[in-house]
2 protein chains.
Amino acid sequence: MANYCKFEKALEIFTGKWKPVILLRLFANGTMRFGELQKAIPDITQKMLTQQLRELVHNDIVHREVYPEVPPKVEYSITEYGKGMANVLQVLNDWGESHMAHMDDLYGEGRKEEGAPAQRPS
Amino acid sequence: MANYCKFEKALEIFTGKWKPVILLRLFANGTMRFGELQKAIPDITQKMLTQQLRELVHNDIVHREVYPEVPPKVEYSITEYGKGMANVLQVLNDWGESHMAHMDDLYGEGRKEEGAPAQRPS
DNA sequence: AAACATAGGCACTTTAAAGTAACTATTCGC
DNA sequence: GCGAATAGTTACTTTAAAGTGCCTATGTTT
């Protein structure tokens, strides 16, 4: 009972509006500075970027390296432990891709209101 | 670019406060009536249960079978297509489990404020 | 004829997540 | 002794997700 908590712990890492993007960027590009991440993710705000990075650091997914220079330089990268979840990301990504195809099969590529049927067409 | 959308589509299915629980219940128990689900998930409200089920039905993960009786009877179950995501759930669950262990290693089982460090202890 | 049981619907409120805008620290170059 | 960079912080506002309470339909039972 209450066994879905592992599940939910896992989801905490990936979910939210920005964590997926941040993770994928870091996995793809390797080490990135704060400003690079910000440029790579145009719509994210400073607050959101730092906040999400902090959470990822806390979860030991992302490493934060501060260089005591001026102007400041902080580099982010996926930790060795974090790299272990690459396959999880891959599985999710693959399933997401095939699911999008499935939705297109079901509803056609035309009217794709996939998230939720607002009220049910009555 | 914007390639993480598959990823996010996948996450839409699992995320939210109730979808994981509902899915795990249905996977574990097979076919369940609305009321059974409600009893199995004590804190969910009717509104939330119907809402989340509707979204799962829309995504072809859950099948909804209405029996035209009185009092009404509606049964929910995982669709054949939905069963195809069992391995995704398993991967997430397993990773979540090992991640919880990893967090315990890092921070000890004592003070487990895992989600986010509220303000950083200054 | 009133109450019950099941599977909802609807309007409104609360809470949590995200967004905005303005501020800070440091030091180099001018 | 002022502005430019970089990587933030802080207080406040907006938006989205979830929760609350009460309403509905319809045969069956009492």
Side-chain angles (χ1 to χ4, degrees), chain A residues 4 8 11-22 25-26 31-58 62-77 113-122, chain B residues 4 8 11-22 25-26 31-58 62-77 113-122:
Chain A
Y4 47 87
E8 291 177 328
L11 288 174
E12 278 184 22
I13 311 299
F14 309 114
T15 54
K17 187 167 177 182
W18 298 113
K19 288 215 190 77
V21 206
I22 295 172
R25 286 287 169 185
L26 286 176
T31 297
M32 293 180 82
R33 301 184 55 171
F34 186 87
E36 289 181 302
L37 275 166
Q38 216 179 184
K39 266 159 229 143
I41 309 171
D43 290 345
I44 201 170
T45 61
Q46 283 188 329
K47 180 201 163 191
M48 279 297 116
L49 185 51
T50 45
Q51 188 180 105
Q52 303 302 304
L53 283 169
R54 290 278 191 277
E55 291 181 23
L56 291 168
V57 168
H58 180 79
V62 164
H63 174 68
R64 178 170 186 264
E65 184 81 35
V66 182
Y67 297 85
E69 307 173 354
V70 142
K73 175 175 170 186
V74 181
E75 284 184 344
Y76 292 94
S77 54
E113 329 99 46
E114 327 208 344
Q119 213 62 28
R120 156 169 85 163
S122 105
Chain B
Y4 47 88
E8 292 178 328
L11 287 174
E12 278 183 21
I13 310 299
F14 308 113
T15 55
K17 187 167 179 182
W18 299 114
K19 288 214 191 79
V21 206
I22 296 171
R25 287 287 169 185
L26 287 175
T31 297
M32 294 180 82
R33 300 185 54 171
F34 186 87
E36 290 181 301
L37 275 165
Q38 214 178 186
K39 266 159 231 146
I41 308 171
D43 290 346
I44 201 171
T45 60
Q46 284 188 330
K47 181 201 164 192
M48 279 297 116
L49 185 51
T50 43
Q51 189 179 104
Q52 304 301 305
L53 283 169
R54 291 276 192 279
E55 291 181 24
L56 292 168
V57 168
H58 181 80
V62 164
H63 174 68
R64 179 170 186 263
E65 183 81 36
V66 182
Y67 298 84
E69 306 172 354
V70 144
K73 176 175 170 185
V74 180
E75 285 185 343
Y76 293 93
S77 54
E113 328 100 47
E114 326 208 345
Q119 213 62 30
R120 159 167 79 162
S122 105

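Here is how names work: the chains are called A, B, and so on, in the same order as the sequence lines, proteins then strands, and each is numbered from 1.
The ring pair (Phe, Tyr, Trp, His ring centres under 6.0 Å) search around B/F34 returns none, not counting sequence neighbours. Under the side chain to side chain donor-acceptor pair (under 3.5 Å) criterion, B/E36 pairs with no residue, sequence neighbours left out.
Rounded to whole angstrom, the span from the NZ atom of A/K73 across to the P atom of D/dA5 amounts to 18 Å. Distance CE (B/M32) to C1' (C/dT6): 15 Å, rounded to an integer number of Å. One atom, CD of B/E75, and another, C1' of C/dG8, lie 16 Å apart when rounded to the nearest Å. Atom pair A/E65:CD and D/dT6:C1' shows a separation of 16 Å (rounding to whole Å applied). Atom CZ in A/R64 sits roughly 16 Å away from atom P in D/dT6 (whole-Å rounding). Regarding B/Y76, its OH atom lies at a distance of 15 Å from the P atom of C/dT6, rounded to whole Å. Note: CD (A/E36) to C1' (D/dA5) measures 15 Å, nearest angstrom. Here the P atom of nucleotide D/dG8 and the CG atom of A/L53 are 8 Å apart, to the nearest Å.
Note on A/R33: every side-chain N or O is 4.0 Å or more away from OP1 and OP2 of D/dA5.
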Per-pair distances, 0.1 Å, donor-acceptor, side chain in residues 69-77 of chain A, under 3.5 Å, sequence neighbours excluded:
from, atom 1, to, atom 2, distance (Å)
A/E75, OE1, A/Y67, OH, 3.0
A/Y76, OH, A/R64, NE, 3.1

Compile the donor-acceptor pairs under 3.5 Å between side chains in residues 46-53 of chain A and protein atoms, sequence neighbours left out, one pair per line.
from, atom 1, to, atom 2, distance (Å)
A/T50, OG1, A/Q46, O, 2.9
A/T50, OG1, A/K47, O, 2.9
A/Q52, OE1, A/K19, NZ, 3.4

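Rounded to the nearest 0.5 angstrom, A/R33 CZ and A/K39 NZ are separated by 8.0 Å. Atom CZ of A/R54 and atom NE2 of A/H58 lie 13.0 Å apart (nearest 0.5 Å).
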message: With side-chain contact (heavy atoms from CB on, under 4.5 Å) as the criterion, how do A/W18 and A/D43 come out once you've worked through the C-alpha distance, each side chain's angles and the decisive distance to 0.1 Å?
response: CA-CA 10 Å; A/W18 298 113; A/D43 290 345; 4.0 Å; yes

message: Let's go through A/I44 and A/I22 carefully: what are the C-alpha distance in whole Å and the side-chain angles of both, what is the deciding distance for side-chain contact (heavy atoms from CB on, under 4.5 Å) to 0.1 Å, and is it a yes or a no?
response: CA-CA 10 Å; A/I44 201 170; A/I22 295 172; 4.2 Å; yes

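Summary of helix geometry: the two end axes of the helix from C/dA1-D/dT30 to C/dC30-D/dG1, each defined by five base pairs via their C1' atoms, are inclined to each other by 30° (rounded to 10°).
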task: Encode nucleotides 13-25 of chain D as B, S and - characters from 5' to 3', where the letter depends on protein heavy atoms closer than 4.0 Å: B to the base, S only to sugar-phosphate, - to neither.
output: -----BBB-----

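Using a 4.0 Å heavy-atom criterion, one finds that B/Y67 contacts no nucleic acid atom at all.
Among all heavy-atom pairs drawn from B/A40 and B/R25, the shortest one is O-NH2, 3.4 Å.
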